[in-house]
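Predicted, not measured: the structure shown is a model, and the values here were computed from it. So you know, we letter chains A, B, ... as the sequences are listed, proteins then strands, and number each from 1.
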Amino acid sequence: MEGELKMNKKQCSGRKTCSLRSRILRKLITYGLPAAPATVLYAALTNPACAGCPLAAACPLRLAPLAILYALFAGGFRLLTEKTGRLRRLFRVSGRGLSSRNLGLAIILVAITATATITLAGGGPDKLIVEPTEIQAKVGDVVKIHVKVEFAHPQPCPAAKYYYVEVKVSGDLEPEKTKYTHDDMHFVSKTGEFDVNIKVMGSGTVTIIYHYSDKCPFNKGGIEQASVKITAETPTTTTTTTTTTTATVTAPATATATSSTVPAGTTTITQKTSTTTTETTTTTPAPVKAEEHKISLESLYNSRAILYYALLVIGVIGIPATMLWLQTGKKNAIRRFSEKKSSIISKASTGSKARELENALVEAIGEAASKNRMITKLILWLRWALVAVVVVLLILIPFAYVGLICPCPMWVPQAILLSENLPRDLMDVAIVVIIVALVSTIVLRRAWCGWICPLGLTQDLLAKVYGRARITGKTDVVLRVIKYVFLAVLVILVLTSSTIWLCIHCFISTPLSALRYQSFVGGALFWTLVALGALFFIGSMIVPRFFCRYICPAGALLEGVGLLAPLKVHKTERCKECGECTAMNSCPMGLAEPGETECISCLNCVRNCPFKAIEVGSFKTSKKG
Amino acid sequence: MSSLKIGVLNLAYCGGCEVAFLSVEDVVKSLANGDTELRYCTIAVGERNIPEVDAMLVTGTVRSTDDKELLKEAREKSRFIVAYGTCACYGGIPGLLNLDNLKEALKSVFGERIPSVNKGAPTSLLDEARPIDAVVKVDYMVPGCPPPGELTSSLIKALIKEEPLVLPATNVCSKCPRNTGERVIRVEARRRIKSLSELDPNKCFLEQGILCLGPITLGACKATCPAKGIWCSGCMGPLPGRRFDEELIDLVSSVFSNMPPDKLRERIPDILKITYMFVAPRSL
């Protein structure tokens, strides 16, 4: 830290603080230069399937592996330079980030990036809209069914040739054509429209099935379907009742991409009445019993991406924002006391000043104490609220619909790079995991590790068994390098040999793999992995966050990305050096000082500090630079 | 090399600082070997008028008009003014009267027959006690009640070399033997101490629910009091560059965070006078 301070002074000689522009420039030079070769390498090795996609540049799935490479270069060297100090001159590491004044700017940037990414990459499936859903027609008539496909992404799709709409009929109906392709559609923005003509010979059902392209990276081989019921009437009836109903079909991700059936209950219908002209003379709208939109587990599952983004905003931007608000409240209490004090003192010396002053003091103390309590409670509540959301959204709900998944920023990019291993039905969870992990880390350093990661939570709970052992000194440093080695090996393996790493470093993945692939059980590799898993499991019981400290390559990745974060935990000048913050092994990462390298922003130290002298903020106000 | 001429000027004071100064080993040594020369000191030298000196150590608070004039005279006749002791630096115990009405306080002490201090007497009480730097420019500040011997030794060295005196920037806790590094300040100090004999001699006072001002007090005293079983009452004053109010509210609101204001008042009666005991004129 001492070296950093000196260097900062040298860089900003003659000025108290650097300008924002120079700081950003320095950060770009510091971290951008090492990332440049990574970018070139990545561009050379990238998946050619994306070449046709106009969104490739903004695609989070493509950015994630890039971030891994970046972290490898920047983060790995950062660790080396911090610990050895030799490469420091080569890769200048500054201890400063954006100042708290620019917090708003940072939030806006993050919001814009997130919105842009969401809009461009799009979430969710394409929508198939068929109107009407029920037709009463005379025998011999030709009815027209209007079909619309609302694509989730801008058109034309690079895989436009491969998707099509199939028309299936049952009963006495004669469709004009059974297969409609991209060329038959009339496009308005992202929506493709066309009409299906069917000759009515008797009652029956028309099923319209939209087949996703085989090349679609988002829902390979999936389908969307809707059906139209056609009732034939006797020729004497002159009135035909038609009701147009927009059927919004949201086919949920099915367990296997080849599955061709969609559960009946997944169709939600919003009622919308209008008239269509077939050959009718009079039109009377008839009430149609349509299912109302209900907030169910179903819709929760379908909109989990939105919920998860909300979680990001609340959890990761909300924590520092609320902390800053409470800290300001406390400062205001002190300021008010000072004002009151001077007004009491300046008053004419009649009566007892002491009583008034004492009242003011006690009041200020009470106010500050309530803020202290709120900070303490807030951290605890937020932690458990986030745990609940993560468990429900990322583990329980996907488990109920799809099966066990790994919401891990390490597993997802591997699966994407080796696309045959990627379960398409989990794509949106995967995208959300990557975006939340990266964006939260860019806002508050390694907030993912400290607040969201379910594996971290598992270890926190495991550490309650014993969790008091310490590994210190050189052994600690050497062991901490292991995770960078793992990250490097992982990247090399995935990029060169197209072999999935299978997350063999992870003690959660072994039982998961065993559950997923029965063939995996047995054999030397399996038992080695079980032994390793058991080792980490027991290690986490003895040393808090053993896995995070020494093994987890996702941590290494986020450590690198987190260098860009403007916010971090730091000591302020109000620190009394009591050592309370890290006493009793309360720091899960075993750091000596709050906010050191590898800090996961769990805010345990903030909670512990009796004076609340540790704050979440920019680097600038940090006591030691 | 000529010897350093030193004087000790007394304003409103108790006499402790003077005695403490003269009993410091290094001072006695330097007087004996001629490095320093004591020109003016009520309890040691027969000089009645303020002579010209190199360094004038001022002890006590500016309490009366007489004090003010003496101090101004000393400023003219000496090269350096040293605020020696907490009274001179921050106002000290005599400054506590600032919190109350002066006339009422006098009445409560002397009854109806208030001595005629204001009628034709050579001196009269000022409305408020002030630290000496509110009246004249001060070159050195040595807090403490009385200042610890080591600080006095370094002051003498600094005076001889004409260097600035650097106070340590650490608090009492950093030197405190009760601070084991593994302590947990129980933020909710609910347990009521019935008698002092219940206190654990090796545990932090704050941990046991006693308001010790160690964390916000300058640690130049090397934590003498907590080591001997007395909690810190803040006689060294705040750390350099820190605001006392801020630090105090921080400390009390943290240690007694679960205590409503009424309970706090009951637990620590006269909290204002206890916490501002030594720094009232400076900080209020």
Quiz item: Is the number of heavy atoms from other residues, nucleotides or ligands under 6.0 Å of B/Lys68 NZ greater than 12?
Solution: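 Counting other residues, nucleotides and ligands, NZ of B/Lys68 stays at 12 neighbours or fewer.
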Practice problem: Please indicate whether A/Lys331 has more than 12 foreign heavy atoms, meaning atoms of other residues, nucleotides or ligands, lying under 6.0 Å from its NZ. | Solution: yes
Quiz prompt | Interface moiety of A/Lys330 toward chain B, non-hydrogen atoms closer than 4.5 Å | solution =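 Contact with chain B: side chain only.
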Self-check item: Residue pairs, two or more places apart or on separate chains, that pass side-chain hydrogen bond (donor to acceptor under 3.5 Å, both in side chains) and touch residues 212-235 of chain B
Solution: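 Residue pairs with at least one partner in residues 212-235 of chain B: B/Glu150-B/Lys222.
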Exercise. Verify side chain to side chain contact (heavy atoms under 4.5 Å, CB included) between A/Leu361 and B/Ile249, making sure each step is shown before the conclusion.
Key: CA-CA 8 Å; A/Leu361 180 69; B/Ile249 291 172; 4.2 Å; yes
Practice problem: Please report the C-alpha distance between B/Arg243 and A/Ser338 in whole Å, then the side-chain angles of each, then the deciding distance to 0.1 Å, and finally whether the side chain to side chain contact (heavy atoms under 4.5 Å, CB included) criterion is met. | Solution: CA-CA 11 Å; B/Arg243 288 184 55 214; A/Ser338 305; 3.0 Å; yes
Quiz item: Yes or no on side chain to side chain contact (heavy atoms under 4.5 Å, CB included) for A/Glu358 and B/Arg265, after CA distance, side-chain angles and deciding distance?
Solution: CA-CA 9 Å; A/Glu358 197 175 304; B/Arg265 241 185 267 254; 4.1 Å; yes
Distance-only check: which donor-acceptor pairs under 3.5 Å involve side-chain atoms of residues 86-99 of chain B, not counting sequence neighbours?
| residue | atom | partner | partner atom | Å |
| --- | --- | --- | --- | --- |
| B/Thr86 | OG1 | B/Gly144 | N | 2.9 |
| B/Thr86 | OG1 | B/Gly144 | O | 3.1 |
| B/Thr86 | OG1 | B/Cys235 | O | 2.6 |
| B/Asn98 | OD1 | B/Ala129 | N | 2.9 |
| B/Asn98 | ND2 | B/Ala129 | O | 3.0 |

Exercise. Just give me the residue among B/Asp245, B/Ile268, B/Asn171 that pairs up with chain A most often, heavy atom to heavy atom, under 4.5 Å.
Key: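 Max contact count across the listed options: B/Asp245.
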Self-check item: Between B/Val252, B/Thr275, B/Thr170, the one whose heavy-atom pairs under 4.5 Å with chain A are most numerous
Solution: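 Answer, by heavy-atom pair count under 4.5 Å with chain A: B/Val252.
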Self-check item: Value rounded to 0.5 Å, distance of CG in B/Leu272 from CD in A/Glu356
Solution: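 Those atoms lie 11.5 Å apart.
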Quiz item: For the atom pair CD1 (A/Ile365) and OG (B/Ser253), what is the distance rounded to the nearest 0.5 Å?
Solution: 7.0 Å
Quiz item: Which bit of B/Leu251 comes within less than 4.5 Å of chain A, counting heavy atoms only: side chain, backbone, both or neither?
Solution: both
